Enquirer: 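Before I ask anything, here is the structure I am working with.
Here the structure is a predicted model, which means the values were calculated and not measured. Below, all heavy atoms of this structure are taken into account, side chains as well, without hydrogens, waters or symmetry copies.
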There are 2 protein chains.
Amino acid sequence: MPMTAWTELAKDTGADLRLDRDTSNCSIARTLEIVGEKWTILILREVWYGSSRFGDFERVLGCPRNLLAARLRMLVAEGILATESYQEPGSRSRPKYVITPKGMDLVPAVMGLLQWGDRHAADPEGPAVLARHRECGAPVGVQIRCGEGHAVQAEDVESVPGPAFRLKLVG
Amino acid sequence: MPMTAWTELAKDTGADLRLDRDTSNCSIARTLEIVGEKWTILILREVWYGSSRFGDFERVLGCPRNLLAARLRMLVAEGILATESYQEPGSRSRPKYVITPKGMDLVPAVMGLLQWGDRHAADPEGPAVLARHRECGAPVGVQIRCGEGHAVQAEDVESVPGPAFRLKLVG
DNA sequence: GATCTGAGTTTACTTTTCGATACTTAGAAG
DNA sequence: CTTCTAAGTATCGAAAAGTAAACTCAGATC
């Protein structure tokens, strides 16, 4: 999906100056800034699988406590998780972590990673987890689709400059 | 999408032993092992946008040369990129990097990240890049779908133990 | 044969992130 | 008022990443 609209502009202009796409405004990079750190996606995976307490995450992930605390704090600050409290009988109330709608919106991206791993890096025994549609039981996956409702092959995706497209000078 | 099938098993058994899901076989984690390092996804983004040469990546990403070389080497070793050669008139032939089918299979995952960023971390000016269906021009995005063809809400995805599901003892 | 060029490699140094363990804290129970 | 517990903090050495510049290498040109 080459963006010919800018690769043409980005040619050498003869002098020492040269134009390139300005990649500072990129939604992929911005998303990775938030969820691209080590453990973050795996914490979300555990939330989807039903964990909610600090100790749950620590035990099942084996993640260092200080990193776990930092990641949880950040996910809450970003509005991806929210804290509620639970109270075990005979204990004081403690915080637990639940996913927000903003966090649920990450499911397609993570399911994309899951799907790729199942296809290209699977354990010979098969997947440890199967995702299926609650209503009909059929296995689920992610698909690229267009606004017209067509399923789209990755090769048929075309990337074009958007409203915030900019060029930058390099040299 | 809690997996009740194992959260029930994972209760304290009264003694000092306790069962937990064994997360060592996870397609998400395995995928992140390969593409979860810094720069890797951004390199792939540039490949999708039309870059193919070492110097292209270096200029547009601002990534250190040593890391760029390491990431490219790894992507080729994993079969996500492949090297071909190009020849500029008057120059010797040099290597360039092209995406493989295995690499194209990552598009849904990365498009998921893009979509989330556009929705939740967008620049006020809007996105720098728009993805659309080459045939009909309509904007594209990723969707969760089941084998029966239904669009599935993230909340309606149910995760159940697969063939390689294991429990582990923690204590 | 000297020079140019793009694609790396190497080196040396700083900064950031990771990982393991010890320590603290706030309330409930004895 | 001491103990117990889950949820954190604090600390510190190790590993990885970032930065910058010098160096190599192989062919094409001069």
Side-chain angles (χ1 to χ4, degrees), chain A residues 10-12 14 16 18 20 24 29 32-43 46-47 51-77 81-98 170-171, chain B residues 10-12 14 16 18 20 23 29 32-43 46-47 51-77 81-98 170-171:
Chain A
K11 290 275 171 219
D12 197 320
D16 263 358
R18 191 190 184 97
D20 262 323
S24 62
L32 289 175
E33 291 280 309
I34 299 173
V35 299
E37 283 167 310
K38 205 165 182 179
W39 299 112
T40 306
I41 295 280
L42 299 180
I43 290 168
E46 290 310 312
V47 175
S51 295
S52 64
R53 305 177 189 179
F54 190 91
D56 291 341
F57 300 124
E58 190 198 0
R59 246 195 347 276
V60 82
L61 292 176
C63 165
R65 305 169 71 80
N66 55 348
L67 294 186
L68 179 55
R71 297 295 173 269
L72 287 171
R73 199 180 314 124
M74 194 263 293
L75 285 167
V76 170
L81 297 181
T83 45
E84 293 183 359
S85 62
Y86 75 95
Q87 188 153 19
E88 206 81 354
S91 290
R92 71 186 177 113
S93 94
R94 298 179 189 281
K96 69 174 182 177
Y97 299 89
V98 297
V170 289
Chain B
K11 290 277 172 218
D12 197 320
D16 263 358
R18 190 188 185 99
D20 262 324
T23 55
L32 289 174
E33 291 281 310
I34 299 174
V35 299
E37 282 168 310
K38 250 165 229 168
W39 299 113
T40 305
I41 295 281
L42 299 180
I43 290 168
E46 290 311 312
V47 175
S51 296
S52 64
R53 305 176 190 180
F54 190 91
D56 292 341
F57 301 124
E58 189 196 1
R59 248 197 344 278
V60 82
L61 291 176
C63 165
R65 304 167 73 81
N66 51 355
L67 292 187
L68 178 55
R71 297 294 173 268
L72 287 171
R73 200 178 316 125
M74 194 265 293
L75 285 167
V76 170
L81 297 183
T83 45
E84 292 182 0
S85 62
Y86 74 96
Q87 186 153 21
E88 205 81 355
S91 290
R92 71 184 177 115
S93 91
R94 297 179 191 283
K96 69 174 181 178
Y97 298 90
V98 298
V170 290

Enquirer: Under 4.0 Å, counting only non-hydrogen atoms across every strand here, what does A:R59 touch: a base, just sugar-phosphate, or nothing?
Expert: nothing
Enquirer: Whole angstrom is fine here: how far is it from CG in A:L72 over to C1' in D:dA6?
Expert: 14 Å
Enquirer: Can you figure out which of D:dT9, D:dA26, C:dA7 approaches the side chain of B:R92 most closely?
Expert: D:dA26
Enquirer: For a quick test of reading the model: is some side-chain N or O of A:R65 closer than 4.0 Å to OP1 or OP2 of D:dA6?
Expert: no
Enquirer: Just distance, no hydrogens or angles: give the donor-acceptor pairs under 3.5 Å from side chains in residues 57-70 of chain A, sequence neighbours left out.
Expert:
unit_1: A:E58; atom_1: OE1; unit_2: A:R65; atom_2: NH1; d: 2.7
unit_1: A:E58; atom_1: OE2; unit_2: A:R65; atom_2: NH1; d: 2.9
unit_1: A:R59; atom_1: NE; unit_2: B:D20; atom_2: OD2; d: 2.7
unit_1: A:R59; atom_1: NH2; unit_2: A:D56; atom_2: OD1; d: 3.3

Enquirer: Apply salt bridge (charged side-chain N to carboxylate O under 4.0 Å, His left out) to B:E88 and list each qualifying residue two or more places apart in sequence or on a separate chain.
Expert: B:R53
Enquirer: Distance check needed: C:dA20 P versus A:L68 CG, whole Å only.
Expert: 13 Å
Enquirer: For D:dA17, does OP1 or OP2 lie under 4.0 Å from any side-chain N or O of B:W39?
Expert: no
Enquirer: Output yes when at least one side-chain N/O atom of A:K38 is less than 4.0 Å from OP1 or OP2 of C:dG19, else no.
Expert: yes
Enquirer: Can you find a side chain N or O atom of A:R71 that sits less than 4.0 Å from OP1 or OP2 on C:dT17?
Expert: no
Enquirer: I need the CG-C1' distance between A:L67 and D:dT9, as an integer number of Å.
Expert: 13 Å
Enquirer: Would you mind telling me which residue lines up with the more 5' stretch of DNA chain C, A:G62 or A:R94, judged by nearest nucleotide?
Expert: A:G62
Enquirer: Give a yes/no answer on whether the side chain of A:Y97 brings an N or O atom under 4.0 Å of OP1 or OP2 in D:dA6.
Expert: no
Enquirer: Supply the atom-to-atom distance B:L72 CG to B:L81 CG, rounded to the nearest 0.5 angstrom.
Expert: 6.5 Å
Enquirer: If I take atom CZ in residue B:F54 and atom P in nucleotide D:dC25, what distance separates them, rounded to the nearest angstrom?
Expert: 17 Å
Enquirer: Select base, sugar-phosphate, or nothing to describe what A:Y86 touches, counting heavy atoms under 4.0 Å on all strands.
Expert: sugar-phosphate
Enquirer: Atom CZ in A:R92, atom OG in A:S85: separation rounded to 0.5 Å?
Expert: 11.0 Å
Enquirer: For residues B:L32 and A:L42, determine if any side-chain heavy atom of one lies less than 4.5 Å from a side-chain heavy atom of the other.
Expert: yes
Enquirer: Without decimals, in angstroms, what is the distance between A:E88 CD and D:dA6 C1'?
Expert: 10 Å
Enquirer: Of the nucleotides D:dA20, C:dT25, D:dT9, which has the atom closest to the B:N66 side chain?
Expert: D:dA20
Enquirer: Provide, to the nearest angstrom, the distance between the CG atom belonging to A:L81 and the P atom belonging to D:dA7.
Expert: 15 Å
Enquirer: Indicate whether OP1 or OP2 belonging to D:dA28 is found under 4.0 Å from a side-chain N or O atom of B:Q87.
Expert: yes
Enquirer: A:E37 has an atom CD; how far is it from atom C1' of C:dG19, in whole Å?
Expert: 15 Å
Enquirer: Rounded to whole angstrom units, what separation is found between the CG atom of A:L42 and the P atom of C:dC18?
Expert: 12 Å
